[in-house]
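Report on the structure given below.
Proteins come first, then strands; the chains are lettered A, B, ... in the order of their sequence lines, and each starts at number 1. Computed from a predicted structure; not experimentally measured.
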Amino acid sequence: MCGRYKVTTPPEAMRQLFGTHGVPPNFPPRYNVAPTQDVPVVFVEHEQRVLGLMRWGLVPAGSESDAQGKPRPGRPPLINARSETVSSAGPFRNAYRARRCLVPADGYYEWDKTTTTPHLFRRRSGFPPAPAGDGGEGALFAFAGLWEEWQDLKRPDIAPLRSCTVLTTRPSELVAPLHDRMPVILPPESWAVWLGEAKADHTELQAVLASAGDTGFTDTTVSKHVNAHGNDDPACIEPASDLAPIPPSPRDSGRLL
DNA sequence: CCAGACGTTGTT
DNA sequence: GTCTGG
DNA sequence: CCAGACGTTGTT
DNA sequence: GTCTGG
């Protein structure tokens, strides 16, 4: 499901849309964000909503490191967590209770597995509510995420690593043809509860996860340029062809299957 | 997620 | 095929 | 008690 | 870290 995305919205615009405190970090327009890279994350620290950078791929507390200090040697990075089991799943349980976050994005990619043809999913214009009304084509949205802090016990002199993961759920009608999972996209009215700013019990958090959907999203087949993670430029979102665009489905409800 | 590498001994 | 790297 | 696993996606 | 298995 969600193993590559884009976030080209400037940090100052993210700061405004999420209402975060403090100076936002420098972050260039990213057309091709890949696992293990640092990404912008909205989370609550000292009771304030802040925008910071964290490594994408959650490293559970207590993880081992290799001789080079890399965490979880030989194991895949935890870039996703299943929303259905996240409250009890070992590495995520703690983070689910205390360290929920939002991962800002303005598009994400899914591949047709048989041809490795990439598809770009993003908001289309004319479909409020965006964070501030109709944000237009490619407007910012938020993945539901969790974050964790990991201290390499072999190197107590090195600062702890903050890392994050993106929750997944059943696909919408729009995504189902490509994959049986999709990222959890939270509407603005769910942000405060998910971040823990409004008190919420487990039932309310489940309701927030159930509010996920992709109403107003569109699917564009794009160039294979994006397949190589080293390519990180506007060519990544070039439509693959003018001859076979994916028509928007008027019946698409944005609800999950 | 996809792309790309996938090995050794020894010397610098 | 399988593992690593980004 | 300690040791060991803990996860995802995808593919089969 | 936390949970399970022995």
Side-chain angles (χ1 to χ4, degrees), chain A residues 1-7 27-28 30-39 53-100 103 105 107-122 143-154 156 160-171 175-184 209 219-233 235-237 240:
Chain A
M1 62 83 1
C2 187
R4 216 75 79 77
Y5 69 97
K6 72 178 278 280
V7 53
F27 193 78
R30 295 295 312 279
Y31 292 86
N32 196 359
V33 173
T36 73
Q37 296 177 344
D38 285 347
V39 297
L53 299 181
M54 296 189 191
R55 175 191 173 103
W56 183 24
L58 186 144
V59 180
S63 293
E64 295 295 320
S65 63
D66 67 9
Q68 288 76 42
K70 289 175 184 173
R72 295 169 54 81
R75 318 186 82 155
L78 300 176
I79 60 173
N80 297 131
R82 296 178 65 91
S83 57
E84 297 90 338
T85 55
V86 79
S87 63
S88 57
F92 303 131
R93 183 188 167 88
N94 249 18
Y96 171 77
R97 285 196 305 240
R99 286 177 299 282
R100 298 182 298 272
V103 181
Y108 69 95
Y109 302 99
E110 301 280 3
W111 276 263
D112 179 330
K113 189 70 182 177
T114 60
T115 59
T116 63
T117 300
H119 292 235
L120 170 63
F121 292 87
R122 58 184 163 172
F143 296 133
L146 303 175
W147 67 278
E148 188 53 275
E149 198 164 66
W150 172 71
Q151 176 71 63
D152 186 349
L153 296 179
K154 293 174 183 167
L161 174 72
R162 286 179 170 185
S163 59
C164 63
T165 192
V166 171
L167 302 209
T168 64
T169 186
R170 294 161 298 138
V175 177
L178 286 173
H179 279 295
D180 62 354
R181 305 294 295 170
M182 70 178 282
V184 172
L209 291 177
D219 169 2
T220 307
T221 304
V222 294
S223 157
K224 286 196 177 188
H225 187 72
V226 74
N227 288 18
H229 62 71
N231 294 332
D232 187 16
D233 56 65
C236 290
I237 64 172

Could you list, one pair per line, each protein nitrogen or oxygen that sits under 3.5 Å from a nitrogen or oxygen of nucleotides 4-7 of chain D, together with the distance?
| unit_1 | atom_1 | unit_2 | atom_2 | d |
| --- | --- | --- | --- | --- |
| D:dG7 | OP1 | A:G90 | N | 3.1 |
| D:dG7 | N2 | A:R72 | NH2 | 3.4 |
| D:dG7 | N2 | A:P76 | N | 3.1 |
| D:dG7 | N2 | A:P76 | O | 2.9 |

* **Consecutive-pair stems (at least three Watson-Crick or G-U pairs, under 3.5 Å) that include DNA chain B** => B:1-6 with C:1-6
Please enumerate all residues that pass side chain to side chain contact (heavy atoms under 4.5 Å, CB included) together with [X], with sequence neighbours excluded.
X: A:A235; result: A:H225, A:D233
X: A:R97; result: A:R93, A:N94
X: A:T115; result: A:D112, A:T117
X: A:P160; result: A:E149, A:Q151

* For A:K224, which residues count as a side chain to side chain donor-acceptor pair (under 3.5 Å) partner, sequence neighbours excluded? -> A:T116
* To do: Please name all residues satisfying side chain to side chain donor-acceptor pair (under 3.5 Å) with A:R30, sequence neighbours left out, ordered by chain then number.
  => A:Q37, A:D232
* For A:G74, report the nucleic acid contact type (base, sugar-phosphate, nothing); a contact means any heavy atom under 4.0 Å. => sugar-phosphate
* chain A contact limits on DNA chain E, taken 5' to 3' with a cut-off of 4.0 angstrom to heavy atoms -> E:dG1 to E:dC3
* Can you list every ring pair (Phe, Tyr, Trp, His ring centres under 6.0 Å) pair that touches residues 63-96 of chain A, not counting sequence neighbours? -> A:Y96-A:H202
* Qualifying side-chain hydrogen bond (donor to acceptor under 3.5 Å, both in side chains) pairs, either residue in residues 59-77 of chain A, two or more places apart -> A:S65-A:D152
Between the protein and nucleotides 10-12 of chain B, are there any N/O to N/O pairs under 3.5 Å, and if so, what are the atom names and distances?
none

